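Below, chains carry the letters A, B, ... as their sequence lines are ordered, and counting in each starts from 1. Just so you know, these numbers come straight off a predicted model, no measurement behind them.
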Amino acid sequence: MSTQIALPDGSTKQYDDGVTPARVAEDISAGLARAAVAAEVDGALCDLTAPLAEGRHELRLLTDRDGDAALEVLRHTAAHVLAQAVVRLYGEGVQYTIGPALIDDFQYGFYYDFDLPRSISADDLAAIEGEMRRIVGEKIPLDRVELPPDEAKAEMRRRGQHYKIEMIDDLVAEAGAAPPTVSLYRQGDFVDMCRGPHLPHTGKLGKAFKLVTAAGAYWRGDERNKMLTRIYGVAFFSKADLDAHVERIEQARQRDHRVLGRQLGLFLIDEQVGPGLPLWLPKGTIIRMELETWLRGELLRRGYQPVITPHIGKTDLFRTSGHYPYYEHGLFPTMQLGEDDGDGYLLKPMNCPFHMRIYKSAQHSYRELPIRYSEFGTVYRLEQSGELNGLVRVRGFTQDDAHILCTHEQIEQEVASCVELTKLVLSTLGLDDYRVRVGLRDPDSSKYTGPEKNWDLAETNLRNVVRRFEMDYTEEPGEAAFYGPKIDFVVTDALGREWQLGTIQVDYNLPERFDLTYTGPDNAPHRPVMIHRAPLGAPERFIGILIEHFAGAFPLWLAPVQVAVLPVSDKFADYGADVARRLRDAGFRAELDDSPEKIGAKIRRATMDKVPYMAVVGGREAEQGTVAVRERTDGDRGPIALDAFVEALAAERDSKGRTRPLAGADGTDATTEGAEISKQEGL
RNA sequence: GCCGACCUAGCUCAACGGUAGAGCACAGCUUUCGUAAAGCUGAGGUUCUGGGUUCGAAUCCCAGGGUCGGCUCCA
């Protein structure tokens with residue numbers, strides 16, 4: 001009776017039965033034993049203390065160098081230590097539910113959800129963290145016990161852990177006929193149900209952890225359930241890693257679009273105007289105007305027909321579209337004009353019903369299709385108050401909307417063209433860190449409308465397109481709109497939270513509801529299909545993300561102020577005014593700083609405003625008709641003739657930053673403090 | 001909407017039951033200056049709103065509004 005252990009270096013060790021990975025680690029070296037957090041036996045993770053069965057096994061020891069897999073074990077144990085601390089401090093009334101490790105989350109490393117008899121304050125967090133440190137000091141072993149479900153339930157019942165009993169019942173139900181065993185981890189006086197693996201004892205958690213915040217979270221993520229208390233924390237293998245994490249969060253807060261939006265004077269959300277109703281300040285308006293102007297040009301080139309529709313429409317219009325009463329909870333309340341007003345009017349939550357009426361205002365032939373109506377239409381949705389967030393979640397926003405009416409055969413080509421446009425928008429701005437989500441219907445839900453065969457067809461169309469573009473994408477059931485599947489372009493903000501930008505949606509429903517038709521070659525009426533699409537999604541959200549992406553340092557073509565003209569003293573203000581006028585005549589947004597400040601102060605101000613170029617002018621420049629160019633981050637670039645400066649600026653502006661004659665060494669790239677600005681890609 | 005925290009000058013913050021303050025920004029004056037902050041002076045407050053406790057409230061309590069972090073939602 002013996003156990004053979006094959007190690008990654010190719011060697012094999014021989015043991016009696018019941019040997020544990022921890023024991024093997026000790027045999028190899030004391031250092032390895034110290035560093036090990038878990039083991040991988042024949043490809044499966046397990047505890048260091050798990051006895052190995054008779055026979056031959058491949059063993060790999062997981063240490064702090066093994067990245068996410070090791071971190072996950074550490075953080076998972078941290079969650080258990082947190083739970084033990086909470087139970088110790090708040091006693092029998094505490095029920096603990098789930099406490100996973102978080103690996104991909106930008107802000108947090110683990111959490112645990114509790115049903116507590118009272119709420120948690122900042123002082124409590126400090127006390128809990130103190131208790132956790134005590135538990136770490138006690139080096140309590142985590143012992144795994146496998147029990148039949150009934151015994152595990154009995155254990156949890158003794159401890160008053162009713163959520164755990166529910167979870168065991170679910171496990172049994174999932175497992176079907178053969179009842180599994182349930183693994184419990186005993187950690188001193190604390191017992192939790194858990195898959196594992198875990199650190200062998202609490203001392204291994206070390207000191208590099210802290211609790212961050214407490215928040216509410218519904219049991220099982222369902223708002224009909226009780227709200228639990230979630231405590232978030234972070235944990236690392238070393239203090240240095242923890243410090244680096246804290247520093248990263250701090251950096252991220254600096255590029256938060258709400259912070260930069262105020263600092264740079266881009267937008268304002270004013271309490272008296274109303275929550276989620278942004279005011280665009282002059283500088284922010286420039287950015288938005290440039291983006292929109294550019295996009296309008298691209299749309300015209302692609303055969304879109306611009307239309308303009310009102311902000312309100314009769315409630316009946318939205319009954320026909322089906323949005324009312326389906327989305328009534330998300331609408332601003334109906335406007336009633338008088339007694340005989342019937343249904344009243346609604347502030348529009350979307351543009352499509354209006355575009356449907358435009359289509360319907362004339363007869364259409366198959367020869368006209370596809371018809372593409374585009375509109376930057378501002379819509380209003382009563383988003384839940386707790387959801388509002390700067391520019392990225394608002395109640396009044398604009399969709400760079402269009403509705404394409406086409407035949408079934410044209411869908412793929414049209415969707416492909418929308419994908420191409422969306423990718424152009426993203427790549428032009430260097431936003432290449434996005435993911436593509438194909439939102440499909442949830443087979444278990446009844447919220448979807450329309451015949452199954454249309455859904456199947458539309459889902460196939462979308463799949464074909466994303467494959468044709470060879471895009472990485474994930475299919476996500478349940479993420480479809482109620483009327484059809486969609487392709488979403490999803491990005492993350494500075495704090496790692498995901499937001500949907502561009503979207504392309506196939507809709508068989510609305511043409512049906514509005515009874516849209518076209519005359520086919522057979523001289524008979526046919527039903528067109530509709531595509532909703534918005535490459536930016538909404539300029540509000542898009543620019544919010546863009547502010548964070550550029551850390552406020554916009555490329556020349558978008559920069560609210562493109563050139564700051566800085567006379568070294570008042571004496572040269574006249575020449576400065578000339579330069580500024582010349583630049584404005586050439587179509588640039590140039591500002592003269594004729595304040596009585598020293599040149600250093602003017603440079604500092606322009607730098608903090610993240611103006612791309614400064615033109616410093618003094619006696620030498622006035623005499624020779626030059627400007628001393630200073631680039632936002634590269635600094636002083638020396639004198640250049642004004643004409644040449646204008647020409648170089650135009651080249652950079654018109655190429656949207658792909659050509660940068662005035663930039664540093666390689667002429668194509670610029671970085672900003674703390675910002676990782678991706679290279680502008682070709683189209 | 002739910003859980004929790006927060007709200008003081010335009011902004012960032014201090015004062016934590018006893019006369020509301022600083023830095024930046026703003027205004028005036030002096031300086032006329034060569035690549036990231038010249039100096040002096042000044043103005044600026046319903047301490048989010050309303051109610052309560054107290055001799056006295058920015059500070060304690062209650063309600064409302066707003067913001068932030070989560071959860072839920074997202075056409």
Side-chain angles (χ1 to χ4, degrees), chain A residues 105 107-108 111 113 116 119-122 124-125 212-232 253 256 258-259 262-263 265 268-276 318 321-324 326-327 329-331 348-353 379 381-390 393 399 401 447 479-484 486 488 495 497 499-500 503 505 507 509-510 532 534 566-573 596-608 614-621 628-633 635-639 673:
Chain A
D105 195 277
Q107 295 192 77
Y108 308 118
Y111 67 81
D113 284 351
L116 294 174
S119 65
I120 288 285
S121 69
D124 290 316
L125 279 189
V212 182
T213 188
Y218 299 106
W219 166 236
R220 293 184 185 284
D222 189 328
E223 67 179 331
R224 288 166 301 191
N225 290 339
K226 184 165 185 187
M227 178 150 283
L228 307 173
T229 302
R230 173 172 297 180
I231 299 176
Y232 280 100
R253 298 217 164 105
D256 186 314
R258 294 163 298 192
V259 173
R262 187 182 301 117
Q263 273 171 17
L268 177 70
I269 293 179
D270 181 78
E271 194 171 322
Q272 196 172 12
V273 173
F318 298 97
S321 72
H323 293 107
Y324 189 91
Y326 186 86
Y327 282 114
H329 63 278
L331 300 176
K348 71 173 168 184
M350 71 288 298
N351 303 301
C352 27
V379 299
R381 299 177 182 178
L382 195 61
E383 303 288 2
Q384 296 184 47
S385 57
E387 278 303 336
L388 300 177
N389 182 302
R393 192 75 187 265
Q399 296 176 312
D401 212 354
K447 78 170 192 179
E479 289 297 318
F482 77 93
Y483 48 72
K486 54 180 185 160
D488 291 330
L495 287 174
R497 298 170 296 196
W499 301 98
Q500 175 200 306
T503 183
Q505 314 178 349
D507 186 354
N509 177 50
L510 225 45
H532 311 243
L566 312 179
V568 297
S569 84
D570 281 358
K571 281 192 229 157
F572 311 107
E597 292 289 347
K598 302 214 291 191
I599 189 64
K602 293 183 184 183
I603 287 169
R604 179 180 153 80
R605 189 184 311 184
T607 306
M608 297 215 303
M614 289 163 242
V616 176
V617 294
R620 296 195 290 275
E621 288 76 17
V629 174
R630 191 183 162 95
E631 204 267 346
R632 176 164 51 195
T633 53
D636 191 358
R637 306 208 62 76
E673 72 270 31

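The distance between atom NZ of K226(A) and atom P of G4(B), rounded to the nearest whole Å, is 12 Å. Rounded to an integer number of Å, the gap from L388(A) CG to G66(B) C1' is 10 Å. Between L382(A) atom CG and C74(B) atom P there is a gap of 15 Å when expressed in whole angstrom units. We find that CG of L125(A) is positioned 13 Å from C1' of G70(B), with the value rounded to whole Å. Look at CD on Q263(A): it is 9 Å from P on U12(B), rounded to the nearest Å. Regarding D256(A), its CG atom lies at a distance of 12 Å from the C1' atom of U67(B), rounded to whole Å. Across the protein-nucleic acid pair, R262(A) atom CZ and C24(B) atom C1' stand 14 Å apart, rounded to whole Å. The CZ-P distance, from R604(A) to A37(B), rounds to 7 Å in whole Å.
A salt bridge links D113(A) to R230(A): one of the charged nitrogens lies within less than 4.0 Å of a carboxylate oxygen. A salt bridge links R224(A) with D222(A): the closest approach of a Lys/Arg side-chain nitrogen to an acidic carboxylate oxygen falls below 4.0 angstrom.
Between N351(A) and the phosphate of A75(B), there is no side-chain N or O to OP1/OP2 separation shorter than 4.0 Å. Considering only side-chain N and O atoms, R497(A) lies under 4.0 angstrom from the phosphate OP1 or OP2 of G69(B). Phosphate proximity of G69(B) to R258(A): present, with a side-chain N or O under 4.0 Å from OP1 or OP2. Look at R253(A) and you won't find any side-chain N or O under 4.0 angstrom from OP1 or OP2 of C68(B). Not one side-chain nitrogen or oxygen of K602(A) sits closer than 4.0 Å to the OP1 or OP2 atom of A36(B). For Q399(A) and A75(B), the shortest distance from a side-chain N or O to OP1 or OP2 is not below 4.0 Å.
Across all strands, G619(A) comes closer than 4.0 Å to base atoms (heavy-atom distances). A215(A) comes within 4.0 angstrom of a base, heavy atoms only. Using a 4.0 Å heavy-atom distance criterion, G635(A) is classed as making no nucleic acid contact. Residue-level contact check: Y111(A) touches neither bases nor backbone, having no heavy atom under 4.0 Å from any strand. If you check every strand for non-hydrogen atoms under 4.0 Å, I599(A) touches sugar and phosphate atoms only. The residue S385(A) sits close to a base: some heavy atom pair falls under 4.0 Å. Within the nucleic acid shown, Y108(A) comes within 4.0 Å of sugar-phosphate atoms alone, with no base atom in reach, counting heavy atoms only. As judged by a 4.0 angstrom heavy-atom cut-off over every strand, G600(A) is placed among residues touching the sugar-phosphate backbone only. At a threshold of 4.0 angstrom between heavy atoms, the contacts of A606(A) with the nucleic acid are absent. Residue-level contact check: K486(A) touches the backbone only, with heavy atoms under 4.0 Å from sugar-phosphate atoms and none from bases. Nucleic acid contact class of Q505(A) (heavy atoms, under 4.0 Å, all strands): sugar-phosphate only. When heavy atoms are screened at a 4.0 angstrom cut-off, P349(A) is found touching base atoms of the nucleic acid. Within 4.0 Å (heavy atoms only), A481(A) reaches sugar-phosphate atoms of the nucleic acid but no base atom.
The Y218(A) side chain lies nearest to G1(B) when the options are A38(B), A36(B), G1(B). The side chain of V616(A) lies closest to G34(B), out of C2(B), G34(B), A75(B). Listed nucleotides A75(B), A37(B), U32(B) differ in distance to K571(A); the shortest reach to its side chain belongs to U32(B). Closest to the side chain of K598(A), from the set C2(B), C33(B), C74(B), is C33(B). Nearest nucleotide to the L331(A) side chain, out of A75(B), G34(B), C33(B): A75(B). When distances run from any side-chain atom of R630(A) to the nucleotides A36(B), A38(B), A75(B), the shortest one goes to A36(B). For V568(A), the side-chain atoms get nearest to G34(B) when compared with the rest of A75(B), G66(B), G34(B). The side chain of T213(A) lies closest to G69(B), out of G4(B), G69(B), U32(B). When each of G70(B), A36(B), U35(B) is scored by its nearest atom to the side-chain atoms of M608(A), the top-ranked nucleotide is A36(B).
Between F482(A) and H323(A), the ring planes lie perpendicular to each other; the angle is over 60°, past the 30° to 60° tilted range.
Nucleotide G34(B) forms a pair with no other nucleotide shown, judged by Watson-Crick or G-U wobble geometry with both contacts under 3.5 Å. Under the Watson-Crick or G-U wobble criterion, with both distances below 3.5 Å, C13(B) is paired with G21(B). Pairing partner, C73(B): none, since no Watson-Crick or wobble contact has both distances short of 3.5 Å. Checking C26(B) for Watson-Crick or G-U wobble geometry (two distances, each under 3.5 Å) identifies G42(B) as its partner.
Ring centroids of Y324(A) and F318(A) are separated by 6.0 Å or more, keeping the two rings apart.
Counting heavy atoms from C-beta outward, V379(A) and Q399(A) have side chains that approach closer than 4.5 Å. Q505(A) is listed as a side-chain neighbour of T503(A), based on a closest heavy-atom distance under 4.5 Å. Between N389(A) and R497(A), the closest side-chain pair of non-hydrogen atoms falls below 4.5 Å. Considering only heavy atoms from C-beta on, L510(A) comes within 4.5 Å of H532(A) through its side chain.
The base of C73(B) sits with one of its N or O atoms less than 3.5 Å from a complementary donor or acceptor on the side chain of R393(A). A donor N or O paired with an acceptor N or O is found under 3.5 Å between the base of G34(B) and the side-chain atoms of E621(A).
For the C1' atom pair drawn from A57(B) and C74(B), the interatomic distance equals 43 Å after rounding to whole Å. To the nearest whole angstrom, the two C1' atoms, one in U49(B) and one in C11(B), are 22 Å apart. Distance check on atom P: C24(B) versus C55(B) gives 43 Å, rounded to whole Å. Comparing the P positions of C2(B) and A58(B) gives a spacing of 30 Å, expressed to the nearest Å. Look at the P atom in both G10(B) and A27(B): the space between them is 15 Å, to the nearest Å. Taking atom P in both G23(B) and G17(B), the straight-line distance is 26 Å, to the nearest Å. Across the P atoms, U67(B) and A25(B) are found 29 Å apart, a figure rounded to whole Å. Comparing the same atom, P, in U47(B) and in C7(B) gives a spacing of 15 Å after rounding to whole Å.
Remark: side-chain polar atoms of E631(A) are paired, donor with acceptor, to backbone N or O of T633(A) under 3.5 angstrom.
Mapped onto RNA chain B by nearest heavy atom, G390(A) and H329(A) fall at different nucleotides, with G390(A) at the one closer to the 5' end. Looking at which nucleotide of RNA chain B each of R605(A) and L495(A) is closest to, the 5′-most match is held by R605(A).
Between Y232(A) and G70(B), no base-stacking contact is recorded for ring centres under 5.5 Å apart and planes less than 30° from parallel.
When every heavy atom of V616(A) is checked against every heavy atom of E621(A), the shortest pair comes out as O-CG, 3.8 Å.
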